[in-house]
Amino acid sequence: MFRLRGAAVPLALGLACVAGTQSIADEFRSRGVHEHGSATVDIAVQDATVEIALHSPAINVIGFEHAPRSAEEKAALAQANRVFGSPQGLFSIPTGAGCESTSVTLAPITYERDGDQPNALHADYDVSYRFHCADPVQLVWIDIRLFEQMKGMRKIVASVVTPALQAQTLLTPDNTRVHLRP
């Protein structure tokens, strides 16, 4: 894990947390390069609220980046929406924190053409989660268990903003823990 000091993204993340916007994660999501095998997870903690936003190329989640054509592709999208439509099994949070999911938002997939290759489509899969924690003092880490659901995933860049920490962590299938304290 490395700390980001004086960088624009953490400042925006911090301001979003301080402002207490309705959807903290949506406000600060930092879209990186569309890279197959890679995703981003943004985590914001303010008071008793935890917001987690996942942004991934659709190919990592459903196996393709075009509108589903066949029954098999439609089934793959429906299965992904079922799996990612509930945070259960996707995140491991210390039980002592007493965190309960309060909302899940699956954004519709949008399909965009690549400017350099007009026949190539790109699509992103975005979902955000909100939790309320009864004892946020116990919230010291979150295990991101997305690798188990996205078999082609090689890395996840996790950005974290809490009142005490602004950091980024590179997650791999062997390293899934995000620390929420310095």
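By convention here, the first residue in the shown sequence is residue 1. Here the structure is a predicted model, which means the values were calculated and not measured. Note that these values count all heavy atoms, side chains included, but never hydrogens, waters or copies made by symmetry.
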(request) Determine the sole option in Leu77, Asp124, Asn81, Asp126 for which the side-chain contact (heavy atoms from CB on, under 4.5 Å) test with Ile109 is passed. (result)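 Among the candidates, only Leu77 passes.
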Non-hydrogen atoms of [X] and [Y] that approach each other most closely:
| X | Y | result |
| --- | --- | --- |
| Met150 | Ser56 | SD-OG, 4.3 Å |
| Arg181 | Val137 | NH2-O, 2.9 Å |
| Glu65 | Tyr111 | O-CD2, 3.6 Å |
| Phe147 | Met153 | CE2-CG, 3.4 Å |
| Leu139 | Cys133 | CD2-SG, 4.2 Å |
| Pro87 | Val104 | CD-CG2, 3.7 Å |

With the side chain counted from C-beta on, respond yes when [X] and [Y] share a heavy-atom pair under 4.5 Å apart, and no when they do not.
| X | Y | answer |
| --- | --- | --- |
| Ile142 | Ile93 | yes |
| Leu170 | Val157 | yes |
| Val45 | Pro136 | no |
| Ile43 | Val161 | no |

Mind checking what makes salt bridge (Lys or Arg N to Asp or Glu O under 4.0 Å) contact with [X], not counting sequence neighbours?
| X | result |
| --- | --- |
| Asp143 | Arg177 |
| Lys155 | Glu35 |
| Glu148 | Arg145 |

(message) I'd like to know if Leu146 and Leu106 are part of one continuous hydrophobic network [Ile/Leu/Val/Met/Phe/Trp/Tyr, side-chain heavy atoms within less than 4.5 Å].
(response)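 Result: yes, single cluster for both.
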Just to verify, what does [X] make a side-chain contact (heavy atoms from CB on, under 4.5 Å) with, not counting sequence neighbours?
| X | answer |
| --- | --- |
| Glu100 | none |
| His132 | Ala48, Thr102 |
| Thr172 | Asp174, Asn175 |
| Asp47 | none |

Just verifying a value: how many Å separate [X] [atom1] and [Y] [atom2], rounded to the nearest 0.5 Å?
| X | Y | atom1 | atom2 | value |
| --- | --- | --- | --- | --- |
| Thr162 | His179 | OG1 | NE2 | 13.0 Å |
| Leu54 | Leu90 | CG | CG | 8.5 Å |
| Ile144 | Ile156 | CD1 | CD1 | 7.0 Å |

(message) Under the disulfide (SG to SG under 2.5 Å) definition, can you give me all pairs with a residue in residues 135-182, not counting sequence neighbours?
(response)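 For residues 135-182: none.
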(message) Please list all pairs meeting side chain to side chain donor-acceptor pair (under 3.5 Å) that have one or both residues in residues 85-98, counting only residues at least two apart or in different chains.
(response)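 Found none.
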(message) Between Glu51 and Gln46, does the side chain to side chain contact (heavy atoms under 4.5 Å, CB included) criterion hold? Intermediate values first, please.
(response) CA-CA 9 Å; Glu51 293 212 23; Gln46 181 181 0; over 6 Å; no
(message) Quick one: does any side-chain atom of Arg154 pair with a main-chain N or O of Pro173 as donor and acceptor, under 3.5 Å?
(response)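 Between the backbone of Pro173 and the side chain of Arg154 there is no qualifying donor-acceptor contact (under 3.5 Å).
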(request) For Arg69, check side-chain hydrogen bond (donor to acceptor under 3.5 Å, both in side chains) against everything at least two apart and list the hits. (result)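 Testing Arg69 for side-chain hydrogen bond (donor to acceptor under 3.5 Å, both in side chains), a comparison that skips the adjacent residues, returns none.
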(request) Determine which pairs satisfy salt bridge (charged side-chain N to carboxylate O under 4.0 Å, His left out) with at least one residue from residues 78-99, sequence neighbours left out, and list them in order. (result)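 Every candidate salt bridge (charged side-chain N to carboxylate O under 4.0 Å, His left out) pair involving residues 78-99 fails, so no pair, neighbours aside, qualifies.
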(request) Provide the full list of ring pair (Phe, Tyr, Trp, His ring centres under 6.0 Å) pairs with a residue in residues 77-101, sequence neighbours left out, each pair given once. (result)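 Sorted pair list: Phe84-Tyr125, Phe91-Tyr129.
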